[in-house]
Amino acid sequence: MAGIESKCTEPEIDYNVLNSIIVDRYNQNRENLIMMMQAIQKQYRYLPITALRYLSDKVQVPLIKIFEIATFYASFSLKPKGKNIINICTGTACHLKGTGKMVEHITSKVGIKSGETTPDMLLTMDNVNCVGACAVAPVIVFNEKYYPEADLSVINTLLDQAKSE
Amino acid sequence: MKTLKIKIDGKEVTAKPDQTILELATENGIYIPTLCHSPALEPAAMCRLCMVELYEGRRKKFVTACNFPLRRDVEIKTDTPDIRQGRKLIIELLMARCADSPLLQGLAKEYGANVQRFSDLKDDCVMCGLCARVCEKVGGKTLTLSGRGVEIHVNTAFSEASEFCIGCGSCVQICPVNSIVMEDVAGERILKIHGREAARVKLVHCEMCNKHFGPVIDLTKVMSKFDKGAIPPSNANICPDCARIKLAKRIAGRYYDTI
Ligand code: SF4
Ligand code: FES
Ligand code: FES
């Protein structure tokens with residue numbers, strides 16, 4: 001049964017929380033499916049399979065469709081993410097300003113590549129291709145906050161911050 | 001109803017509004033190659049093989065015949081050097097994925113494609129999406145194209161063996177390159193995608209000859225889709241061959257006591 005995405009242990013699913021999202025907030029209306037998925041992702045920092053199965057049942061959308069959506073949008077993750085998320089922009093402008101080196105630096109320092117999470121679940125690195133702020137390249141996004149014209153010292157501070165939490 | 005005047009490959013024909021170019025061509029005996037189209041399903045325009053030239057006034061554009069609805073009087077050319085060139089490239093690219101497919105080999109010959117132009121990707125799927133679309137329509141909603149861009153591939157939910165498959169075999173039937181495999185082994189029907197087990201469905205055991213035949217069906221679910229008064233099937237546990245024998249015996253039995 002085990003697929004690649006399902007190797008992780010699932011967290012306890014609190015169905016009251018799911019109901020408050022699916023029923024109370026979005027009225028079990030399948031038109032709000034993506035918003036519900038975003039809310040679930042926010043709750044668990046990823047989309048647990050059990051929660052998606054429950055969602056599929058509640059809004060009567062086939063599980064396969066929910067899976068399709070979850071794999072289509074880059075902002076959804078089927079793997080648990082770390083408490084902190086760092087996005088290094090590897091778009092053209094930022095790449096030219098040396099973000100490739102920054103990625104390597106993080107990899108050598110905490111041992112994760114893009115898309116990976118540290119074993120202590122404190123940090124995930126998810127690199128993106130252009131965050132739309134090329135004028136202030138190189139750009140780093142840490143927990144949804146933008147750090148323009150970043151350099152290695154900024155990264156080091158952020159890594160320390162991630163570790164201390 | 002208003003009809004459209006279309007010129008297709010030099011022939012003046014009439015079309016119904018919103019008819020697709022492919023439908024019109026087929027109606028008029030003009031062949032356009034397709035890989036991702038089935039008249040039974042909504043067109044998805046995934047393969048681009050059905051590309052034709054559309055002339056409107058002095059403008060010319062390339063459109064996919066399978067999903068382009070006709071709305072104005074236009075001229076269409078289905079087999080120009082430019083189109084042949086485009087199709088040739090598509091086939092060359094697809095040959096890098098499924099070099100073993102007789103269908104693609106035939107097309108490659110027809111369009112003079114250089115089958116070794118791109119290095120072998122060792123894949124077995126042309127990503128037409130037909131299996132996912134047919135499964136959504138007639139099957140158990142088991143398959144989809146997951147991911148996107150270069151990562152897109154035919155998949156079951158969470159890449160796990162799926163509990164939704166009803167073993168109908170539609171995906172196997174519709175796949176143009178025979179990439180989906182279904183085997184009946186020891187009373188079970190096993191669906192395989194990219195060599196991986198994608199689903200397993202129990203088969204019914206024939207009460208008369210003891211052989212396994214079609215998949216076990218959730219009759220209550222099926223019956224619930226009908227109006228009241230639908231009659232559940234008799235002989236549900238007898239294979240088609242035995243059912244025929246049983247019926248023949250019954251007819252014959254009217255004349256002879258035993259047979
Ligand atoms: S055999 Fe299973 S996977 Fe294939 S179309 Fe039928 S239900 Fe879908
Ligand atoms: S390339 Fe980094 S913001 Fe555009
Ligand atoms: S048949 Fe039209 S794009 Fe594939």
Side-chain angles (χ1 to χ4, degrees), chain A residues 1-11 13 18 30 33-34 36-37 40-41 44-81 90-92 113-116 126-130, chain B residues 41-42 44 46 125 127-168 170-171 174 180 188 190-202 218 221-222 224-225:
Chain A
M1 270 297 269
I4 4 161
E5 285 95 351
S6 64
K7 292 232 172 73
C8 53
T9 42
E10 291 260 312
I13 301 291
L18 286 186
R30 65 171 83 173
L33 184 61
I34 291 189
M36 296 182 212
M37 288 169 72
I40 295 172
Q41 161 122 348
Y44 296 101
R45 284 190 263 124
Y46 82 111
L47 295 169
I49 296 183
T50 329
L52 293 186
R53 280 184 183 276
Y54 186 72
L55 176 66
S56 155
D57 208 54
K58 275 282 184 199
V59 294
Q60 288 293 302
V61 171
L63 189 62
I64 192 75
K65 284 283 148 199
I66 295 183
F67 175 67
E68 192 180 301
I69 296 169
T71 59
F72 182 82
Y73 293 104
S75 61
F76 287 132
S77 171
L78 292 165
K79 279 186 293 187
K81 292 214 177 177
T90 49
T92 312
K113 294 201 201 71
S114 179
E116 292 178 355
D126 262 335
N127 296 340
V128 282
N129 294 321
C130 192
Chain B
L41 301 170
E42 287 289 309
M46 300 283 280
C125 168
M127 223 57 84
C128 65
L130 279 169
C131 52
R133 277 181 284 147
V134 78
C135 186
E136 184 177 355
K137 192 154 179 199
V138 309
K141 301 180 174 49
T142 307
L143 302 177
T144 188
L145 295 179
S146 75
R148 61 170 170 172
V150 291
E151 275 159 22
I152 195 165
H153 63 289
V154 177
N155 205 351
T156 48
F158 311 106
S159 315
E160 288 176 346
S162 172
E163 77 261 35
F164 298 108
C165 180
I166 55 171
C168 65
S170 315
C171 49
I174 209 164
I180 304 184
E188 282 181 314
I190 302 166
L191 181 78
K192 283 189 186 155
I193 299 169
H194 311 301
R196 172 178 70 83
E197 181 174 321
R200 205 173 257 260
V201 183
K202 285 235 169 339
D218 182 355
K221 203 166 149 194
V222 175
S224 73
K225 299 206 170 180

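In what follows, chains are A, B, ... by sequence order, proteins preceding strands, each numbered from 1. No hydrogens, no waters, no symmetry mates; every other heavy atom, side chains included, goes into these values. None of the values given here were measured: they were computed from a predicted structure.
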Would you check if Phe67(A) and Thr144(B) make a side-chain contact, meaning some heavy-atom pair closer than 4.5 Å?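 They are in contact (side-chain heavy atoms under 4.5 Å apart), so the answer is yes.
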Under a 4.5 Å heavy-atom cut-off, does chain B meet the side chain of Ala70(A), its backbone, both or neither?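 No part of Ala70(A) comes within 4.5 Å of chain B.
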Can you tell me which portion of Leu52(A) sits under 4.5 Å from chain B's heavy atoms? Options are side chain, backbone, both or neither.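 Just its side chain gets close to chain B.
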For the NZ atom on Lys192(B), are there more than 12 heavy atoms of other groups (residues, nucleotides or ligands in this structure) within a distance under 6.0 Å?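 Count not over threshold, so no.
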Checking heavy atoms, do the side chain of Ile152(B), its backbone, both or neither come under 4.5 Å from chain A?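 No part of it gets close to chain A.
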What part of Glu136(B) gets within 4.5 angstrom of chain A, counting heavy atoms only: side chain, backbone, both, or neither?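 The side chain, not the backbone.
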Nearest heavy-atom neighbours spanning Ala157(B) and Ile64(A):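 Taking Ala157(B) first and Ile64(A) second, the nearest heavy atoms are N-CD1, 3.4 Å.
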Interatomic spacing from NE2 in His153(B) to OG1 in Thr71(A) - rounded to 0.5 Å: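 Spacing of NE2 (His153(B)) from OG1 (Thr71(A)) equals 8.0 Å.
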